[in-house]
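Following: one structure in structure tokens, then a few remarks.
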Amino acid sequence: MEFFGHVIDGAEVKSSGGETFTSVDPYTREPWAEVALGGAAEVERAVAAARRAFDEGPWPRMGRAERGRLLHRLADLILEHADELGLADTRDMGKPITQSRGNDVPRAADNFRFFADHARLTTAETLPMDSGHHAYTRYEPVGVAAAIAPWNFPLMLETWKIAPALAWGNTVVLKPAEDTPASATILARLALEAGLPPGVLNVVHGYGPDSAGQALTEHPGIDRITFTGESATGRVISAAAAGHLVPVSLELGGKGGNAVFADADLDNAVSWSIKAIFTNAGQVCLAGSRLYVQRPVFDEFIARFTAAAEAMCLGDPKLDSTQLGPLASKTHYRKVRGYVETVAEEGGSVRSGGLGDGWFVRPTVITGMPATGRHQREEIFGPVVTVTPFDTEDEVVALMNDTRYGLNAMLFTENLSRAHRVSARLRAGTVWVNCFFVRDLRAPFGGAGDSGVGREGGTFSREFFTEPKAVVMQID
Ligand code: NDP
């Protein structure tokens with residue numbers, strides 16, 4: 001079995017007591033990797049190393065161009081190691097290799113390139129004053145950032161947090177999800193190879209509650225917490241951050257609504273709606289899990305949609321032909337299975353899909369679910385979509401906004417006025433019109449309500465990972 005250690009102060013290390021855990025490949029359902037199991041002691045060492053690297057090391061003091069050069073070198077190495085990184089995420093959580101190697105790895109490299117350039121090219125403000133003074137702003141690194149990541153897009157989401165933190169001159173302690181540890185260690189090895197100084201990027205593996213995750217969020221030596229995960233965990237982390245007044249960025253769950261109007265290009269709507277719910281087996285915060293179709297095209301849409309869902313290729317996620325892999329873990333499979341098994345008793349019917357072999361759930365299309373039922377309210381986080389007819393624009397806006405989440409929404413229409421009107425009325429951090437999942441790293445990313453607090457991306461990440469300072473000078 002391969003071994004993945006913590007990376008602390010420039011070295012890959014075991015836990016002080018030698019404890020380990022295994023990562024299970026959800027396709028074979030066998031352990032494939034042994035991982036160092038950290039706790040408060042490893043967090044202590046990692047935060048101390050990050051603190052030293054920030055207070056005494058070259059990283060915050062070197063110019064942005066030099067930091068950017070090292071981060072671009074890291075991006076190059078990520079692409080050179082695309083097979084290894086992609087396979088690590090695929091074996092850890094069952095994501096098809098075409099997505100991990102083909103999408104997540106290039107996006108991880110892009111995260112470093114984008115934020116390296118963004119930090120280098122961003123200007124600050126000068127503020128002419130009438131009083132014979134002038135003021136200007138400086139955006140200074142904050143110190144040690146704690147990053148806690150989920151298992152659904154391990155490498156991509158970890159780098160989404162790490163890249164802006166590092167580009168702005170901070171040091172980082174990352175705790176990956178326990179189900180997906182491997183790519184984080186590989187990334188930290190590559191960061192050292194790229195020339196990042198010891199202690200700048202540290203990785204501590206371990207469990208969340210009562211262990212490494214909690215020790216990290218409660219540690220008095222950290223200056224920021226950036227977290228992506230479930231809304232319930234977000235509440236716990238928010239409370240921990242409040243305990244020592246540390247700003248926290250929370251990217252949490254979602255229950256994306258997706259409206260298909262009768263005037264939509266149906267081929268386009270079907271194609272994106274399939275991607276919106278079945279990419280990564282629906283284990284996507286942005287998943288379009290509540291689909292609403294205007295009544296005149298309901299039957300035609302659902303016929304085409306279920307045909308496309310049934311045509312998806314399920315199988316070994318390591319094969320290029322596979323479009324949908326197993327769910328990420330036994331625990332998660334059981335959770336999603338619980339939703340599939342209770343469709344009929346909650347008033348709906350399964351039009352297509354259902355349970356597969358092993359930890360597979362087939363692309364599952366449900367109709368007839370009441371708006372107040374669990375399947376329409378809760379984040380299932382699997383390849384399961386509810387489809388509901390609607391008549392009017394007002395009705396679908398009300399249905400889409402009838403959720404405690406507010407991460408994203410989609411709408412399909414050829415009517416430009418409707419596209420703008422409905423986009424403005426939806427309560428969501430991102431609205432996609434006639435598309436899905438298209439991202440610009442300058443755009444704000446995050447959600448309202450139970451979907452999170454704060455935004456990341458472009459200048460929004462700068463706001464979070466820097467301390468803005470005003471300098472006021474007397475001229476006369
Ligand atoms: P969890 O909230 O269970 O875990 C996320 C991370 O937090 C893991 O590393 C976990 O460790 C850690 N953790 C758990 N409890 C604590 C604690 N008390 N203190 C500190 N750390 C803790 O989320 P999942 O991993 O299940 O991820 C899926 C969720 O993430 C979904 O709700 C999804 O919508 C959301 N998500 C949101 C995104 C967004 O951008 N808004 C993007 C992607 C996912 P461990 O794994 O060891 O328990």
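We use all heavy atoms of the structure for the numbers below, so side chains are in, but hydrogens, waters and symmetry mates are not. For ligands, and for the atoms within them, numbers begin at 1 and follow the listed sequence.
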- Task: State whether the shortest distance between N or O atoms of L407 and N or O atoms of ligand 1 falls below 3.5 angstrom.
- Result: no
- Check: L252 N/O within less than 3.5 Å of ligand 1 N/O: yes
- Message: Checking side-chain polar atoms at under 3.5 Å, does E34 have a donor or acceptor matched by the opposite partner on T22?
- Response: no
- Hey, is ligand 1 close enough to W151 that some N/O pair sits below 3.5 Å? yes
- Could you tell me how the ring of H118 sits relative to the ring of F114: parallel (under 30°), tilted (30 to 60°) or perpendicular (over 60°)? parallel
- Does ligand 1 have an atom that lies less than 4.0 angstrom from a heavy atom of G206? yes
- Item | Distance in Å, K175 NZ paired with I225 CD1, rounded so as to fall on 0.5 Å steps | 13.5 Å
- Would P209 count as a contact of ligand 1 if the rule is a heavy atom under 4.0 Å away? yes
- Query: Numbering the atoms of ligand 1 from 1, which are under 4.0 Å from a heavy atom of V236?
  - Reply: 18 (N)
- Message: Less than 3.5 Å apart, any donor N or O on the side chain of R29 or Y27 sitting next to an acceptor on the other?
- Response: no
- Message: Does either side chain, that of D179 or that of H332, offer a donor lying less than 3.5 Å from an acceptor on the other one?
- Response: no
- Item | Row check, Y139 ring normal vs R462 NZ/CZ: under 6.0 Å, within 45° | yes
- Determine whether the side chains of Q99 and T279 contain a donor N or O and an acceptor N or O closer than 3.5 Å. no
- Item | Partners passing salt bridge (charged side-chain N to carboxylate O under 4.0 Å, His left out) against R107 (at least two apart in sequence or in another chain) | none
- Polar proximity ligand 1 side, L157 side, N/O cut 3.5 Å exclusive: no
- F464 six-ring centre to K161 NZ/CZ under 6.0 Å and within 45° of normal: no
- Is the closest N or O pair between E251 and ligand 1 shorter than 3.5 Å? yes
- Note on the structure: In ligand 1, the atoms that come under 4.0 Å of a heavy atom of P176 are 9 (O)
- Under-4.0 Å protein heavy-atom contact, atom 4 (O) of ligand 1: no
- Has R439 got its NZ or CZ under 6.0 Å from the middle of the six-membered ring of F445, at an angle within 45 degrees of the ring axis? yes
- Query: Given G213, S231, G452, which has its nearest heavy atom closest to atom 21 (N) of ligand 1?
  - Reply: G213
- Consider every N or O of T217 and every N or O of ligand 1, then say whether any pair is closer than 3.5 Å. no
- Query: In ligand 1, which numbered atoms sit nearer than 4.0 Å to a non-hydrogen atom of T233?
  - Reply: 1 (P), 2 (O), 3 (O), 13 (N), 14 (C), 15 (N), 16 (C), 22 (C)
- Query: Would you call F153 a ligand 1 contact, heavy-atom distance under 4.0 Å?
  - Reply: no
- Message: Less than 3.5 Å apart, any donor N or O on the side chain of T98 or D320 sitting next to an acceptor on the other?
- Response: no
Extract all donor-acceptor atom pairs below 3.5 Å that involve side chains of residues 204-211 and protein atoms in other chains or at least two apart in sequence.
residue: H205; atom: NE2; partner: G5; partner atom: O; Å: 3.4
residue: H205; atom: NE2; partner: T185; partner atom: OG1; Å: 2.7

- Item | Side chain, backbone, both or neither: the part of A149 lying under 4.0 Å from ligand 1 by heavy atom | backbone
- Honestly, for Q283 the part within reach of ligand 1 (heavy atoms, under 4.0 Å) is neither
- Task: Output yes when the distance from some N or O of ligand 1 to some N or O of T228 is under 3.5 Å, and no in every other case.
- Result: no
- Below 3.5 angstrom, do we get any N/O pair linking D179 and ligand 1? no
- Item | 4.0 Å heavy-atom contact, A232 with ligand 1 | no
- Message: Tell me the contacting part of N152 for ligand 1: side chain, backbone, both, or neither, using a 4.0 Å heavy-atom threshold, strictly below.
- Response: side chain
